[in-house]
Amino acid sequence: MEQLKLIPLNEEIDQRFYSLAAEYLPGSDQSKMRERVKKFPQAFIAAVLGEQVIGVAFGWERKLDDPTDNSFVLDGITIEEPYQKNGYGKILLKAFGEAAKKYGASVVSVGSAGGYVEKFYIDCGFIPLEYKVWEDGSPVVERSFNSVEDYRSYQRKNPDGFVVMEKHI
């Protein structure tokens with residue numbers, strides 16, 4: 001069995017990195033990513049199996065988008081479908097946390113829009129903080145959570161929102 005390698009984004013894998021992000025993370029802004037990789041190159045990580053890029057994770061300091069937030073945001077993470085459920089996502093997420101630490105972060109944050117992805121983050125130690133919905137183009141807190149149990153029992157009034165989670169690293 002081949003060993004998974006984690007490497008920073010580089011010219012050799014550039015096209016595959018961005019095509020995976022576009023395919024599995026359609027909300028990703030490639031121009032923003034290309035600009036931010038210049039400042040945070042260690043936080044743009046590819047999961048490579050053999051010679052194939054099978055996953056990506058990327059992010060940056062949240063204060064670039066929200067000056068009041070000191071977390072390091074995981075803007076996107078994915079493992080290509082045939083390779084999912086093999087533990088590669090957890091390995092990639094851990095490597096992202098280690099990269100965030102290199103930039104001085106003590107907290108990684110993420111927004112998640114539901115289902116198995118939220119379970120994945122909770123299983124990896126992330127704590128749900130709040131549920132946000134979009135109003136007039138801006139995210140608004142619909143509910144703050146006191147605990148994981150509070151998050152699990154909450155019935156979402158607006159299913160188009162997202163959960164903000166964080167993990168201390």
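Each residue takes its place number in the sequence, starting with 1.
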> Can you name the residues that form a salt bridge (Lys or Arg N to Asp or Glu O under 4.0 Å) with Lys167, not counting sequence neighbours?
none
> Provide the closest heavy-atom pair for Ser144 versus Asp150 in the form atom of the first, atom of the second, distance.
O-OD2, 3.7 Å
> Does Glu142 form a side-chain hydrogen bond (donor to acceptor under 3.5 Å, both in side chains) with Tyr154? I'd like the steps, not just the answer.
CA-CA 11 Å; Glu142 182 175 287; Tyr154 180 61; 2.4 Å; yes
> Counting C-beta onward and ignoring hydrogens, is there a side-chain heavy-atom pair between Gln84 and Glu81 closer than 4.5 Å?
yes
> Is there a side-chain contact between Lys63 and Thr68 in this structure, where contact means two heavy atoms from C-beta onward sitting under 4.5 Å apart?
no
> Applying side-chain contact (heavy atoms from CB on, under 4.5 Å), can you list everything that pairs with Val163, at least two apart in sequence or on another chain?
Glu118, Pro128, Tyr131, Phe145, Tyr151, Arg156, Met165
> Leu9 vs Tyr18, test: side chain to side chain contact (heavy atoms under 4.5 Å, CB included). Steps then yes/no.
CA-CA 10 Å; Leu9 174 58; Tyr18 289 110; 3.4 Å; yes
> Group every Ile, Leu, Val, Met, Phe, Trp and Tyr by side-chain heavy-atom contacts under 4.5 Å, then state whether Val148 and Val107 land in the same group.
no
> Could you report the tightest heavy-atom contact between Ile169 and Lys101, atom names first, then the distance?
C-CE, 3.5 Å
> Hey, what do you get for CG (Asn158) to CD (Glu135), rounding to the nearest 0.5 Å?
8.5 Å
> Determine whether a donor-acceptor pair (N or O, by modelled atom type, separation under 3.5 Å) exists between the side chain of Glu130 and the backbone of Val164.
no
> Could you go through residues 30-38 and list every donor-acceptor pair under 3.5 Å that involves a side-chain atom there, pairing it with any protein atom two or more places apart or in another chain?
| from | atom 1 | to | atom 2 | distance (Å) |
| --- | --- | --- | --- | --- |
| Gln30 | OE1 | Arg34 | NE | 3.1 |
| Gln30 | OE1 | Arg34 | NH2 | 3.2 |
| Ser31 | OG | Asp29 | OD1 | 2.7 |
| Arg34 | NH1 | Asp14 | OD1 | 3.0 |
| Arg34 | NH1 | Asp14 | OD2 | 3.3 |
| Arg34 | NH2 | Asp14 | OD2 | 3.1 |
| Glu35 | OE1 | Lys38 | NZ | 3.3 |
| Arg36 | NH1 | Asp65 | OD1 | 3.2 |
| Arg36 | NH1 | Asp65 | OD2 | 2.9 |
| Arg36 | NH2 | Asp65 | OD1 | 3.0 |

> Would you say the ring centers of Phe40 and Phe72 fall short of 6.0 Å from each other?
yes
> Closest approach of Phe58 and Ala21, non-hydrogen atoms and distance?
CE2-CB, 4.1 Å
> Among all residues two or more places apart in sequence or in another chain, which pass the ring pair (Phe, Tyr, Trp, His ring centres under 6.0 Å) test with Tyr121?
Phe126
> Show the nearest heavy-atom pair for residues Val108 and Gly97, with the distance to one decimal.
CG2-CA, 4.3 Å
> So, does Asn10 use its side chain to make a donor-acceptor pair with the main chain of Ile13 at under 3.5 Å?
yes
> Could you walk me through whether Ile77 and Leu93 pass side chain to side chain contact (heavy atoms under 4.5 Å, CB included), step by step?
CA-CA 8 Å; Ile77 184 171; Leu93 184 59; 4.0 Å; yes
> Under 3.5 Å, sequence neighbours excluded: what are the donor-acceptor pairs made by side chains of residues 45-57?
| from | atom 1 | to | atom 2 | distance (Å) |
| --- | --- | --- | --- | --- |
| Gln52 | OE1 | Tyr83 | OH | 3.4 |
| Gln52 | NE2 | Glu80 | OE1 | 3.2 |

> Between CD1 of Ile127 and OG of Ser109, what distance do you get to the nearest 0.5 Å?
13.5 Å
> Only counting residues at least two apart or in another chain, list the ones meeting side-chain contact (heavy atoms from CB on, under 4.5 Å) with Pro8.
Gln42
> Testing the basics here: between Ala43 and Phe96, what is the closest heavy-atom pair and its distance to 0.1 Å?
O-CE1, 3.5 Å
> Using side-chain heavy atoms (C-beta onward) and a distance below 4.5 Å, is Lys132 in contact with Val140?
no
> In sequence, state the C-alpha distance, the side-chain angles, and the governing distance for Lys85 and Ile79, and then conclude on side chain to side chain contact (heavy atoms under 4.5 Å, CB included).
CA-CA 9 Å; Lys85 301 189 189 233; Ile79 296 292; over 6 Å; no
> Return the CG to CD distance between Asn70 and Glu61, rounded to the nearest 0.5 Å.
8.5 Å
> Assess whether side chain to side chain contact (heavy atoms under 4.5 Å, CB included) is satisfied between Leu6 and Leu92, documenting all intermediate values.
CA-CA 7 Å; Leu6 302 170; Leu92 187 55; 3.9 Å; yes
> Are Tyr103 and Trp60, when compared by the centres of their aromatic rings, separated by less than 6.0 Å?
no
